[in-house]
**Student:** 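Could you have a look at this structure, given as structure tokens, before my questions?
Labels below follow one simple rule: chain letters A, B, ... track the order of the sequence lines, proteins then strands, and each chain is numbered from 1.
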Amino acid sequence: MRSSHHTGPILGWYTDNARDLPWRRAEATPWGVLVSEIMLQQTPVSRVLPVWTEWLERWPTPAGLAAEPSGEAVRAWGRLGYPRRALRLHASAVAIVSEHEGRVPDSYDALRALPGIGSYTAAAVASFAYGQRHAVLDTNVRRVLARLISGEEYPPKTQTVAEVRLAQSLLPLDPPVAARWSVAVMELGALVCTARTPRCGACPVSAGCAWRLAGRPAYDGPPRRGQAYAGTDRQCRGRLLAVLRHSEGPVEKPLLDVVWADAVQRERALDGLVADGLVDPLDDGRYALPS
DNA sequence: GAGCCGTGGAC
DNA sequence: TGTCCAAGGCT
């Protein structure tokens, strides 16, 4: 359809309501956009903002980060969560230097080939850093389209080909307009068409929303199970890594042992961190962030 | 393709 | 208080 009756109102709404985020400003670099997209995976904007700012001050280019040990990326990642993202961002910086002359690639396929960059992030960077035309399907866009077009409160658990085709069909023809459309739909999902209590009164396309017109029927699909956390290996890994982040150099094993009582689980978690490359076991028995 | 991978804020 | 959720990717 190339453009629907929803396009204009959503683009106009974005012009009036877009947040002033640093990675959206004109002076933001493709590297700044890439860093923001990795940090924003499963992590709220409010927590990303300070870390992104410090990160870009310290490493304004991929080469700057690539020249550091990967452990420095893990340390600077702080408490953003999912620290394997920090490792992959560092690996991406190394690949950008060695394979792309230090410049963030502008093609979807080259972006998609970098570690930690999947279909969403590749489309997002190509769109937001380079003004290209790609279907950008994140959790916000999937939810907006599910409601607006499909009349369902929530999208399917896993992304379907139908969703991709739908998103592509709605993309404006002109690449820069398509890129702006993509970020506009995401912003609408983040600020208005939210998961829990959507603000339909503030929505520019509520009059044509299939879900609202159907009376906002409750989600009736399979239960979307929440992730348990307390007592899991993930929590244990987080505690162990926090010890290393907060220490200047290598730490003795007993300093790790004290943060988790269950020795079997603790060893399993530590082994996992080592296997992931997040922790480096030294020859002398101590542990450190990777070099 | 289901499960795993952190963390903290909102309700 | 516990549950839900936040610009996913990888295996």
Side-chain angles (χ1 to χ4, degrees), chain A residues 14 18-19 21-24 28 32-52 74 77-89 91-92 111-129 134-144 153-161 163 167 179 182-191 193-198 219 222-245 259-260 268-269 271-273 275-279:
Chain A
Y14 182 73
R19 290 169 290 180
L21 302 174
W23 46 85
R24 286 180 182 164
V33 173
L34 171 55
V35 171
S36 80
E37 289 301 336
I38 302 296
M39 289 184 173
L40 286 164
Q41 291 169 3
Q42 305 288 285
T43 307
V45 167
S46 60
R47 290 174 50 206
V48 165
L49 277 170
V51 182
W52 182 90
V74 174
W77 197 253
R79 305 184 67 80
L80 282 183
Y82 293 145
R84 292 188 295 189
R85 291 183 294 167
L87 228 40
R88 291 172 182 150
L89 182 52
S92 278
L111 288 163
R112 180 67 183 78
L114 295 172
I117 298 193
S119 58
Y120 161 76
T121 304
V125 173
S127 297
F128 307 149
H134 298 274
V136 179
L137 265 184
D138 78 323
T139 187
N140 288 304
V141 175
R142 295 184 63 222
R143 186 176 57 250
V144 169
E153 185 177 16
Y154 297 116
K157 201 170 185 178
T158 58
Q159 182 178 304
T160 65
V161 290
E163 289 182 271
S182 294
V183 72
V185 179
M186 287 178 60
E187 191 77 335
L188 186 66
L191 298 182
C193 195
T194 54
R196 219 167 307 183
T197 52
Y219 175 77
R224 307 170 300 149
R225 58 174 266 284
Q227 324 149 316
Y229 182 61
T232 61
D233 286 10
R234 295 159 74 181
Q235 184 181 32
C236 182
R237 286 166 57 107
R239 294 243 187 110
L240 293 171
L241 201 58
V243 173
L244 294 176
R245 273 203 315 267
V259 301
W260 198 263
R268 182 173 67 234
D271 286 347
L273 288 169
D276 287 346
L278 284 163
V279 171

**Student:** I need the CG-C1' distance between A:L89 and C:dA7, as an integer number of Å.
**Tutor:**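 One finds 15 Å between C1' of C:dA7 and CG of A:L89, rounded.
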**Student:** Distance check, rounded to the nearest 0.5 Å: A:I38 atom CD1 versus A:Y82 atom OH?
**Tutor:**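 The OH atom of A:Y82 is 14.5 Å from CD1 of A:I38, to the nearest 0.5 Å.
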**Student:** Ignoring hydrogens and geometry beyond distance, is the side chain of A:S119 in donor-acceptor contact with the base of C:dG8 at under 3.5 Å?
**Tutor:**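 No.
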**Student:** Looking at A:T121, I'd like to know whether one of its side-chain N or O atoms comes within less than 4.0 Å of OP1 or OP2 on C:dG9.
**Tutor:**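 Result: yes.
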**Student:** I'd like to know if the side chain of A:E37 and the backbone of A:L34 have a donor-acceptor N/O pair within less than 3.5 Å.
**Tutor:**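 Side chain of A:E37 to backbone of A:L34: no pair is present.
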**Student:** Would you indicate, yes or no, if C:dG8 has its OP1 or OP2 atom less than 4.0 angstrom from a side-chain nitrogen or oxygen of A:Q42?
**Tutor:**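 Result: yes.
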**Student:** For A:M39 and B:dT7, what is the distance between atoms CE and P respectively, to the nearest whole Å?
**Tutor:**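 So the CE-P distance, A:M39 to B:dT7, works out to 15 Å.
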**Student:** Please give the distance between the P atoms of C:dG9 and B:dG8 as a whole number of Å.
**Tutor:**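 So the two P atoms sit 23 Å from each other.
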**Student:** Counting only N and O atoms by type, is there a donor-acceptor contact under 3.5 Å from the side chain of A:R268 to the main-chain atoms of A:D233?
**Tutor:**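 Checked: no pair found.
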**Student:** Could you state the atom-to-atom distance from CZ of A:R143 to C1' of C:dG8 in whole Å?
**Tutor:**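 Answer to the nearest Å: 14 Å.
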**Student:** Mind checking if A:W23 touches a base, just sugar-phosphate, or nothing, with heavy atoms under 4.0 Å?
**Tutor:**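 A:W23: base contact, heavy atoms under 4.0 Å.
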**Student:** NA contact type, A:R24, heavy-atom cut-off 4.0 Å: base, sugar-phosphate, or nothing?
**Tutor:**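 A:R24: base contact, heavy atoms under 4.0 Å.
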**Student:** I'd like to know if A:R234 reaches the base of B:dG6 with its side chain such that a donor and an acceptor end up less than 3.5 angstrom apart.
**Tutor:**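 Under the 3.5 Å cut-off, the side chain and the base do form a donor-acceptor pair.
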**Student:** Within the pair A:Y229 and B:dT7, is there a side-chain N or O less than 4.0 Å away from OP1 or OP2?
**Tutor:**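 Indeed, a polar side-chain atom of A:Y229 lies that close.
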**Student:** So what does A:R237 hit on the nucleic acid, given a heavy-atom distance under 4.0 Å: a base, only sugar-phosphate, or nothing?
**Tutor:**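 It contacts sugar-phosphate atoms only.
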**Student:** Below 4.0 angstrom from OP1 or OP2 of C:dG8, is there any side-chain N or O of A:R85?
**Tutor:**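 Looking at the OP1 and OP2 atoms of C:dG8, neither is under 4.0 Å from any side-chain N or O of A:R85.
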**Student:** Would you say a side-chain N or O of A:R84 is under 4.0 Å from OP1 or OP2 of C:dT11?
**Tutor:**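 Indeed not, no polar side-chain atom of A:R84 lies that close.
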**Student:** For A:R19, answer base if it contacts any base atom (sugar-phosphate contacts may also be present), sugar-phosphate if it contacts only those atoms, and nothing otherwise; contact means non-hydrogen atoms under 4.0 Å.
**Tutor:**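 Answer is base: heavy atoms of A:R19 come under 4.0 Å of a base.
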**Student:** Could you tell me the separation between the CZ atom of A:R143 and the SG atom of A:C193, rounded to the nearest 0.5 Å?
**Tutor:**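 It is 6.0 Å, given to the nearest 0.5 Å.
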**Student:** State which of C:dA6, C:dC10, B:dG6 makes the closest approach to the side chain of A:R112.
**Tutor:**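 Nucleotide nearest to A:R112's side chain: C:dC10.
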**Student:** Using whole Å, report how far CD of A:E187 lies from C1' of C:dA6.
**Tutor:**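 Computing the A:E187:CD to C:dA6:C1' distance gives 14 Å.
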**Student:** Name the nucleic acid region contacted by A:R79, choosing base, sugar-phosphate or nothing; use a 4.0 angstrom heavy-atom cut-off, strictly under.
**Tutor:**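 Result for A:R79 = sugar-phosphate.
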**Student:** How many Å lie between CG on A:L114 and P on C:dG8, as a whole number?
**Tutor:**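 Distance, rounded to whole Å: 18 Å.
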**Student:** Heavy atoms under 4.0 Å, any strand shown: does A:A124 hit a base, just sugar-phosphate, or nothing?
**Tutor:**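 No contact.
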**Student:** At under 4.0 Å between heavy atoms, what does A:T194 touch on the DNA or RNA strands: base, sugar-phosphate, or nothing?
**Tutor:**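 Since no nucleic acid heavy atom lies under 4.0 Å of A:T194, the category is nothing.
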**Student:** Reckon A:G118 touches a base, only the sugar-phosphate, or nothing at all at heavy-atom distances under 4.0 Å?
**Tutor:**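 Sugar-phosphate contact only.
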**Student:** Using the side-chain contact (heavy atoms from CB on, under 4.5 Å) rule, take A:N140 and A:V185 through it: C-alpha gap first, then chi angles, then the decisive distance, then the call.
**Tutor:** CA-CA 8 Å; A:N140 288 304; A:V185 179; over 6 Å; no
**Student:** Hey, is the main chain of A:G32 close enough, under 3.5 Å, to the side chain of A:W52 for a donor-acceptor pair?
**Tutor:**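 Flag set: sc A:W52 to bb A:G32 pair under 3.5 Å.
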**Student:** Per the atom types in the model, does the base of C:dC4 pair as donor or acceptor with the side chain of A:R196 at under 3.5 Å?
**Tutor:**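 Indeed, a donor on one side and an acceptor on the other fall under 3.5 Å apart.
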**Student:** Using atom CG of A:L240 as one end and atom P of B:dG6 as the other, report the distance to the nearest whole Å.
**Tutor:**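 One finds 11 Å between P of B:dG6 and CG of A:L240, rounded.
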**Student:** Just checking A:L137: base, sugar-phosphate only, or nothing, at a heavy-atom cut-off of under 4.0 Å?
**Tutor:**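 Contact class for A:L137: none.
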**Student:** Contact class for A:L80 vs. all strands (heavy atom < 4.0 Å): base, sugar-phosphate, or nothing?
**Tutor:**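 Result for A:L80 = base.
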**Student:** A:L87 has an atom CG; how far is it from atom C1' of C:dG9, in whole Å?
**Tutor:**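 Answer to the nearest Å: 14 Å.
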**Student:** Categorize A:T139 for me: base, sugar-phosphate, or nothing, with a 4.0 angstrom heavy-atom threshold over every strand shown.
**Tutor:**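 If one applies the 4.0 Å heavy-atom cut-off, A:T139 turns out to touch the sugar-phosphate alone, with no base involved.
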**Student:** Is there a donor-acceptor pair under 3.5 Å between the side chain of A:Y154 and the backbone N or O of A:A195?
**Tutor:**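 It does hold such a pair.
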**Student:** In whole angstrom, give me the gap between the P atoms of B:dG3 and C:dA7.
**Tutor:**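 Per the computed distance, 23 Å lies between those P atoms.
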**Student:** Using whole Å, report how far OH of A:Y82 lies from C1' of C:dA7.
**Tutor:**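 My rounded result for the distance is 14 Å.
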**Student:** With heavy atoms under 4.0 Å as the rule, sort A:T197 into base, sugar-phosphate or nothing.
**Tutor:**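 The residue A:T197 makes no contact with any strand.
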**Student:** Hey, does A:Y154 reach any base, or is it just sugar-phosphate, or nothing, if we go heavy atoms under 4.0 Å?
**Tutor:**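 Answer is sugar-phosphate: A:Y154 comes under 4.0 Å of backbone atoms only.
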**Student:** On DNA chain C, nearest-nucleotide positions of A:G116 versus A:N140: which is more 5'?
**Tutor:**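 Closest to the 5' end, via its nearest nucleotide, is A:N140.
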